[in-house]
Amino acid sequence: MKTRLLSVILAASFTLSLAGCAGGGGSPASGSGGSSPAQSAGELVIYTPNPDAEIQTVIPAFEQATGIKVIVQSMATGDVLARLDAEKENPQADVNWGAVNYNFYMQKPDLYMEYVSPNDKNLPKQFQNTTGNYTNSKLSGSGAMLLNLDVFKELGLDPDEFTGYKDLLRPELKGRIVMADPTIASSAWAELTNMLLVMGDEPYDEKAWQFVEAYADQVTISSGAIDRQTADGEYAVCVTYEGACVALLDDGATNLKLVYPEEGAVWLPSGVAIVDNCKNAENAKKFVDFLISEEGQNCYAQTSIRPILDGVQNTSPNIPPFSELNVAIEDIEYCSSMKAEWLARWTDLVTQ
């Protein structure tokens with residue numbers, strides 16, 4: 001675990017990010033007093049698994065808008081949840097940012113205080129806060145495949161002919177595909193449920209499981225930085241989430257190609273929740289308000305992560321609009337209810 005104190009001094013080093021976040025006439029966080037720097041207004045402790053680029057874009061802008069000093073503790077999703085559970089009698093964090101979605105919330109609903117932001121009503125109806133405890137603030141694409149063009153050439157394969165999940169079963173790719181472990185990584189779990197949604201005659205049917213069984217015989221499961229491993233030529237295809245692929249392309253990678261499955265790709269909401277009985281509840285509310293304000297969503301538009309607010313578009317040329325993609329809609333509650341059973345079945349497949 002690494003701990004970072006992101007203060008106004010750090011915010012100054014991200015002037016360009018701040019300018020981009022504040023642009024577009026965005027409304028300020030509720031109660032923040034606008035986007036002008038405020039007097040010191042206390043602190044806020046956040047536990048998060050979010051990538052550095054997201055943290056370094058959003059946090060300085062929030063500090064600038066509110067005067068609140070933010071202490072970020074970065075750790076894996078599982079570690080966030082374990083820490084919050086272990087500390088629930090004496091909370092040390094105020095906010096869980098990024099390690100909360102419907103499935104995680106249902107496992108430990110008692111960890112979070114009730115709060116519905118006044119900005120929540122502006123979100124698309126399907127992403128509004130229905131539990132009263134956690135708020136969706138961004139969208140993560142689970143149907144994304146990163147191709148290494150050099151490896152494809154070595155294998156004699158045309159990357160332009162690789163258009164969907166079906167192509168993962170090509171014999172030449174056996175052992176050259178990598179994915180994280182769905183039993184550990186939430187992104188890999190989302191990739192599995194995406195396949196089960198779109199690869200059958202009906203969502204989540206046995207035909208979809210037949211595809212998953214064949215895919216399990218093709219793929220290597222890795223706990224490493226699978227996107228980087230693919231970029232370095234260790235694998236031909238990385239089955240991962242959209243943000244990781246876009247980040248590499250935005251950094252200038254020319255040997256990579258991002259493919260969205262033509263069968264359908266899912267974008268799942270992820271969000272933020274305030275820790276029950278936390279020490280800085282009012283500041284935590286301001287953070288939630290900021291994330292889903294237009295100003296906060298414009299911060300996401302500067303990153304490889306899609307904003308959840310309609311009308312706010314990413315600036316990266318490597319993120320195509322939804323209108324160009326086959327967008328599939330996951331049954332989030334059903335997948336959550338089936339998680340234990342499906343992960344056990346997956347484990348059986350990869351350990352045969």
Side-chain angles (χ1 to χ4, degrees), residues 46-55 57-59 62 72 74-81 84 93 95-109 111-112 115-117 119-120 122-144 180 182 184-194 197 240-247 265-275 284 287-293 296-310 312 314 319 322 327-333 335-336 339:
I46 297 176
Y47 289 177
T48 182
N50 293 343
D52 287 348
E54 180 179 357
I55 295 168
T57 303
V58 172
I59 295 302
F62 172 72
V72 175
S74 293
M75 60 193 82
T77 296
D79 292 334
V80 171
L81 301 176
L84 293 177
V95 171
N96 170 352
W97 178 29
V100 60
N101 55 26
Y102 179 81
N103 181 61
F104 293 139
Y105 167 75
M106 292 303 294
Q107 293 176 38
K108 292 286 182 179
L111 292 179
Y112 308 109
Y115 182 65
V116 178
S117 169
N119 294 333
D120 191 76
N122 300 323
L123 299 181
K125 188 173 179 59
Q126 69 269 32
F127 298 133
Q128 290 178 5
N129 184 342
T130 58
T131 65
N133 295 81
Y134 82 92
T135 299
N136 292 313
S137 61
K138 60 183 178 180
L139 293 174
S140 180
S142 58
I184 298 173
S186 58
S187 60
W189 160 248
E191 289 144 21
L192 175 60
T193 59
N194 196 147
L197 171 64
T240 186
Y241 62 99
E242 180 186 44
C245 302
V246 171
V266 169
W267 276 262
L268 293 173
S270 179
V272 60
I274 301 173
V275 178
F287 183 70
V288 174
D289 295 344
F290 180 83
L291 283 183
I292 59 172
S293 70
Q297 290 290 290
N298 274 312
C299 289
Y300 277 108
Q302 313 295 317
T303 73
S304 62
I305 301 164
R306 293 189 189 243
I308 201 167
L309 187 64
D310 282 345
V312 180
N314 291 89
I319 300 180
F322 285 132
V327 178
I329 306 300
E330 180 167 294
D331 187 333
I332 295 174
E333 293 186 18
C335 289
S336 178
K339 185 172 185 178

Got [X] and [Y] here, is their nearest side-chain heavy-atom distance under 4.5 Å?
X      : Y      : answer
Leu123 : Leu309 : yes
Thr131 : Pro109 : no
Phe62  : Leu291 : no
Tyr241 : Ile305 : no

Might you point out which heavy atoms bring [X] and [Y] nearest each other, and give the distance in Å?
X      : Y      : value
Thr48  : Trp97  : OG1-O, 2.6 Å
Ser270 : Gly98  : OG-O, 3.5 Å
Val58  : Cys299 : CG2-CB, 4.0 Å
Leu81  : Ala99  : CD2-O, 3.4 Å
Lys339 : Trp189 : CA-CH2, 3.4 Å
Ala53  : Thr303 : O-CG2, 4.4 Å

Asp120/Tyr115 under side chain to side chain donor-acceptor pair (under 3.5 Å): CA gap, chis, key distance, verdict: CA-CA 10 Å; Asp120 191 76; Tyr115 182 65; over 6 Å; no
May I ask you to decide if [Y]'s main-chain N or O and [X]'s side chain share a donor-acceptor pair within less than 3.5 Å?
X      : Y      : result
Asn194 : Gly143 : yes
Ser304 : Gly243 : yes
Gln297 : Val312 : no
Asn101 : Pro269 : no
Ser336 : Ile332 : no
Thr77  : Pro49  : no
Asn133 : Tyr112 : yes

To the nearest 0.5 Å, how far apart are [atom1] in [X] and [atom2] in [Y]?
X      : Y      : atom1 : atom2 : answer
Leu139 : Phe322 : CG    : CZ    : 5.5 Å
Ile308 : Trp267 : CD1   : CH2   : 14.0 Å
Asn129 : Thr135 : CG    : OG1   : 4.5 Å
Ser137 : Asn119 : OG    : CG    : 12.0 Å

Hydrogens and angles aside, do Lys138 and Asn50 bring a side-chain donor and acceptor to less than 3.5 Å of each other? yes
Who passes side-chain hydrogen bond (donor to acceptor under 3.5 Å, both in side chains) against Glu330, sequence neighbours left out? Thr193
List the residues meeting salt bridge (charged side-chain N to carboxylate O under 4.0 Å, His left out) with Glu242, not counting sequence neighbours, and say none if there are none. Arg306
For Tyr105, check ring-ring contact (aromatic ring centres under 6.0 Å, His included) against everything at least two apart and list the hits. Tyr134
